Amino acid sequence: MIGLERREGAAIVTVDRPEAMNALDLEHLEALRERLAELAADAEARVVVLTGAGEKAFVAGADIKYMQGLDVLGARRWGELGHECGNLLETMPKPTIAALNGFALGGGCELALACDLRLASANARLGQPEINLGVLPGWGGSLRLARATTLGFAKELVLTGRQIGAEEALERGLVNAVHEPGELMDKTLELCRTLAAKSPLALAYAKEAVNLALQGDHRANLATEARLFAMLFATEDQTEGMAAFAEKRQPEFRGR
Ligand code: CAA
């Protein structure tokens with residue numbers, strides 16, 4: 001199942017399929033997409049966290065046994081469904097965090113890469129082992145891994161299938177922080193509280209602007225940044241944020 005728990009403005013989405021290391025089959029991937037689409041439009045969910053049930057795995061990838069039965073058209077649809085989940089995580093107008101509590105392999109690593117931020121437990125293992133199955137990363141990993149790290153490192157992981165530990169992932173910029181397994185969720189919620197205290201409007205526009213960084217036309221992207229920046233000056237949150245600075249107090253953002 002795909003669990004949902006709400007805590008202090010954060011929506012925690014849990015892939016819960018421990019018998020398969022939280023690998024995603026069609027039922028679970030469709031349920032994940034529905035859940036993410038709902039949360040994208042849910043103003044109460046200020047931050048969305050994606051994690052896996054148990055202590056062993058975040059998501060050990062797409063379900064290999066399910067994929068054994070796919071033909072070319074089926075594989076195309078399967079890839080597109082994974083992309084829809086990744087695109088929701090990447091573009092929903094609020095921060096998304098992957099809390100990597102164990103194996104994040106193949107499609108699991110790819111969904112994590114689509115999130116805005118990644119926190120890993122010290123026992124997490126990341127990688128794109130699809131090459132060992134005679135395929136390639138099909139849920140965005142061949143592109144997002146290069147964007148998150150470097151082209152050379154992405155090629156190394158994608159072409160060799162090598163798995164890396166949390167510390168190497170941190171050194172490579174693949175994750176933002178590493179925490180002890182028992183502390184991962186507390187640290188994730190701490191980050192959620194930090195984010196939930198910001199203006200949700202500014203967060204949404206800031207995410208949109210940063211998402212443009214490695215794509216498209218640079219001048220056009222700068223023009224978009226200027227537009228998004230200017231639009232925030234029509235919000236109460238901008239007035240409040242700047243007034244709070246001038247008055248030497250903490251701002252109280254209302255999302256207006
Ligand atoms: N698909 C289906 N079943 C999986 C799975 C996956 N991706 N990962 C683990 N499982 C299942 C195992 O088959 C096993 O089931 P049974 O008990 O029925 O045999 C169960 O989960 C437990 O796994 P292991 O016994 O293998 O546990 P382990 O601790 O020895 O190893 C592991 C853990 C290293 C994660 C190992 O299971 C593994 O290598 N899994 C596959 C990882 C992988 O290749 N992921 C990429 C998938 S392809 C993909 O994601 C394509 C894409 O880009 C969209």
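Keep in mind that the numbers below use all heavy atoms, side chains included, and drop hydrogens, waters and symmetry copies. What you see is a predicted model, and the numbers here were worked out from it, not measured in a lab. In each ligand, atom 1 is the first atom listed, and ligand 1 is the first ligand listed.
Membership of an apolar cluster is not assigned to L222, as no side-chain contact below 4.5 Å to another ILVMFWY residue is traced.
Remark: Q128 CD to Q163 CD distance equals 10.5 Å, nearest 0.5 Å.
In this structure, ligand 1 sits under 4.0 Å from heavy atoms belonging to E19, A20, M21, A23, A60, G61, A62, D63, I64, K65, M67, F103, L105, G106, G107, E110, P129, E130, L133, P137, G138, W139.
Side-chain contact between E225 and L212 is absent, with no heavy-atom pair separated by less than 4.5 Å. In this structure, M242 and F233 have side chains that are in contact, with non-hydrogen atoms separated by less than 4.5 Å.
A salt bridge does not link E84 with R77: every distance from a Lys NZ or Arg NE/NH1/NH2 to an Asp or Glu carboxylate oxygen is 4.0 Å or more. Salt bridge present: R162 and E168 bring a charged side-chain N and a carboxylate O closer than 4.0 Å.
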